[in-house]
Amino acid sequence: MTVSTDTLVSLDAVRAAADRISNIAVKTPLVRAYFPDASGKVWLKAESLQPIGSFKLRGAANKILQLTPEEISRGVITYSSGNHAQGVAYGARAVGAKAVIVMPSNAPAIKRAATLAYGAQIVDVGVASSERLAKAEELVREHGYIVVPPYDDEQIITGQATCGLEIVEQLPDVDLVLVPVSGGGLLSGVATAIKRLRPDVKVFGIEPELAGDTAESFRTGKIVTWGAELTSRTIADGLRTQSVGERNFVHIQAFVDGIITVTESEIRAAMRAIVSSARIVPEPSGAVSSAALLFHSAQLPSYKNAVAVVSGGNVDPAFLAQVLTETGV
């Protein structure tokens with residue numbers, strides 16, 4: 001399917017977003033990783049070093065900083081398993097807005113605690129992403145909150161695209177970029193920025209095999225939905241969204257070269273490799289891009305400089321310790 005890029009997020013909008021969020025989000029470093037058998041140099045984009053521990057601050061801040069005083073006075077709401085929740089809570093605190101987060105009952109305790117620490121109010125629902133959306137819509141009708149969507153929103157996509165802008169600025173010779181994908185906010189944004197700057201760079205989305213709805217959508221050319229009983233199987237709790245966003249999918253179709261899925265054991269092995277080779281702490285969702293480099297090189301084009309985005313590092317310490325002491329793939 002050929003998609004016109006004229007109506008999609010522009011490079012000017014991404015650059016404006018980078019300026020807008022510069023006092024809240026940080027420019028994260030590219031850290032060299034020495035993975036065995038890599039065909040070229042590998043760099044990790046350490047979004048785990050954002051103030052909230054994930055890339056989600058970029059999009060949330062870009063959205064919230066464009067609200068009017070009247071909208072800020074009404075408060076903001078979102079639905080999230082944890083990282084976007086923290087981004088919205090952090091951004092809302094910066095402008096003095098109330099933040100309400102609809103969160104699944106299986107959200108990691110470390111992400112729940114951080115969201116509360118930023119001053120947000122949490123409303124619990126079941127594990128399905130559809131339940132979170134329905135509850136948020138109910139509360140908007142009751143209280144008039146302003147919705148800050150986790151991914152299917154132009155301002156969110158534009159904010160996440162600033163990560164891609166930085167990659168090209170930091171490594172002009174980059175020729176391959178791998179990005180975790182679930183709802184598609186990060187992948188659609190990063191791919192848009194990179195392809196508008198460097199159309200020759202290959203961009204791949206990486207997804208857990210147990211939550212591979214975006215890979216199926218990309219392959220079939222239409223958005224498919226997986227049940228929560230399927231997507232909740234993966235340890236990558238930030239990648240359990242049941243379907244890719246509509247706006248995100250249009251950008252993905254226009255700018256992404258392929259989507260690869262990785263297994264649970266590959267994710268765990270990638271977490272160990274990231275810690276040992278780069279001294280960066282990844283959560284499972286942030287390790288999928290490195291898992292693709294480590295175990296799926298045959299599905300990737302050759303490269304001289306590859307960047308794997310480590311989307312977040314908000315991992316339970318006990319789970320991290322368990323993964324680090326395992327052996328094998």
Side-chain angles (χ1 to χ4, degrees), residues 52 54 56-57 59-157 159-160 182-186 188 211 213-214 217 223-232 237-249 285 314:
I52 65 163
S54 94
K56 288 286 191 176
L57 183 57
N62 189 52
K63 180 79 171 180
I64 290 170
L65 291 174
Q66 295 182 75
L67 298 179
T68 66
E70 187 273 334
E71 289 172 327
I72 290 173
S73 70
R74 290 159 59 184
V76 298
I77 188 170
T78 197
Y79 36 99
S80 167
S81 64
N83 282 341
H84 181 63
Q86 293 175 68
V88 171
Y90 194 96
R93 187 178 67 174
V95 299
K98 176 182 179 179
V100 178
I101 313 296
V102 181
M103 189 172 281
S105 57
N106 63 346
I110 189 171
K111 296 182 178 181
R112 178 181 297 270
T115 301
L116 290 170
Y118 294 134
Q121 173 189 337
I122 292 177
V123 177
D124 290 307
V125 293
V127 300
S129 54
S130 55
E131 291 181 77
R132 301 198 290 272
L133 176 58
K135 186 63 177 181
E137 290 174 341
E138 174 190 326
L139 293 172
V140 168
R141 289 192 297 270
E142 290 180 5
H143 303 284
Y145 299 133
I146 301 298
V147 178
V148 182
Y151 47 87
D152 196 358
D153 179 274
E154 184 170 322
Q155 293 167 330
I156 298 293
I157 294 171
Q160 317 305 24
S182 183
L186 183 61
S188 60
D213 59 279
T214 306
S217 299
I223 296 175
V224 300
T225 300
W226 284 27
E229 73 280 3
L230 297 178
T231 61
S232 61
D237 61 275
L239 304 180
R240 291 173 178 165
T241 302
Q242 294 171 247
S243 63
V244 65
E246 292 182 7
R247 292 176 186 82
N248 311 97
F249 192 54
S285 303
N314 293 316

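Only a predicted model underlies this, so the values are computations on that prediction, with no experimental measurement involved.
The minimum heavy-atom distance between V147 and P149, with the atom names listed, is O-CD, 3.4 Å. Heavy atoms only, all atoms of each residue included: V244 and G184 are closest at CG2-CA, 4.2 Å. In terms of heavy atoms, A85 sits closest to T115 at CB-OG1, 3.7 Å. Here the shortest heavy-atom pairing between D152 and N248 reads CA-OD1, 3.3 Å. The heavy-atom pair separating N106 from R240 by the smallest distance is ND2-NH1, 3.5 Å. Of all heavy-atom pairs between R93 and Y118, the closest is CD-O, 3.7 Å.
Looking at S217, its side chain does come within 3.5 Å of a backbone N or O of V224 through a donor-acceptor pair. Side-chain atoms of N314 come within 3.5 Å of backbone atoms of I52 as a donor-acceptor pair (strictly under, hydrogens ignored). In this structure a side-chain-to-backbone donor-acceptor pair under 3.5 Å is missing from S188 to I157. With hydrogens and angles ignored, the 3.5 Å screen pairs no side-chain donor or acceptor of R132 with any backbone N or O of Y79. Proximity of a side-chain donor or acceptor of S80 to a complementary backbone N or O of G82 within less than 3.5 Å is detected.
Atom OG of S285 sits about 3.5 Å away from atom CG of L239, to the nearest 0.5 Å. Here the OG1-CD distance, from T225 to Q242, works out to 7.5 Å after rounding to the nearest 0.5 Å. Separation of atoms CZ (R112) and CE (M103) is listed at 6.0 Å; rounding is to 0.5 Å. To the nearest 0.5 Å, atom CD of residue E70 and atom CD1 of residue I72 are 10.0 Å apart. Here CD1 of I77 is found 8.0 Å from CD1 of I101. Values are rounded to the nearest 0.5 Å.
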Passes side chain to side chain contact (heavy atoms under 4.5 Å, CB included), V88 versus I64? Steps please. CA-CA 8 Å; V88 171; I64 290 170; 4.3 Å; yes

Evaluation steps, side chain to side chain contact (heavy atoms under 4.5 Å, CB included), between T214 and S182: CA-CA 7 Å; T214 306; S182 183; 5.7 Å; no

Take H84 and V148 through the test side chain to side chain contact (heavy atoms under 4.5 Å, CB included) and record every step on the way to the result. CA-CA 9 Å; H84 181 63; V148 182; 4.1 Å; yes

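Summarising the local packing, CD of E131 is surrounded by more than 12 heavy atoms from other residues, nucleotides or ligands at distances under 6.0 Å.
A search for side-chain contact (heavy atoms from CB on, under 4.5 Å) contacts involving E138 returns K135, R141, E142, not counting sequence neighbours.
When each of L139, T78, L133, D124 is checked for a side-chain contact (heavy atoms from CB on, under 4.5 Å) with V102, only L139 meets the rule.
Residue pairs satisfying the salt bridge (charged side-chain N to carboxylate O under 4.0 Å, His left out) criterion with at least one member in residues 94-111, sequence neighbours excluded, are listed as follows: K111-D237, K111-E283.
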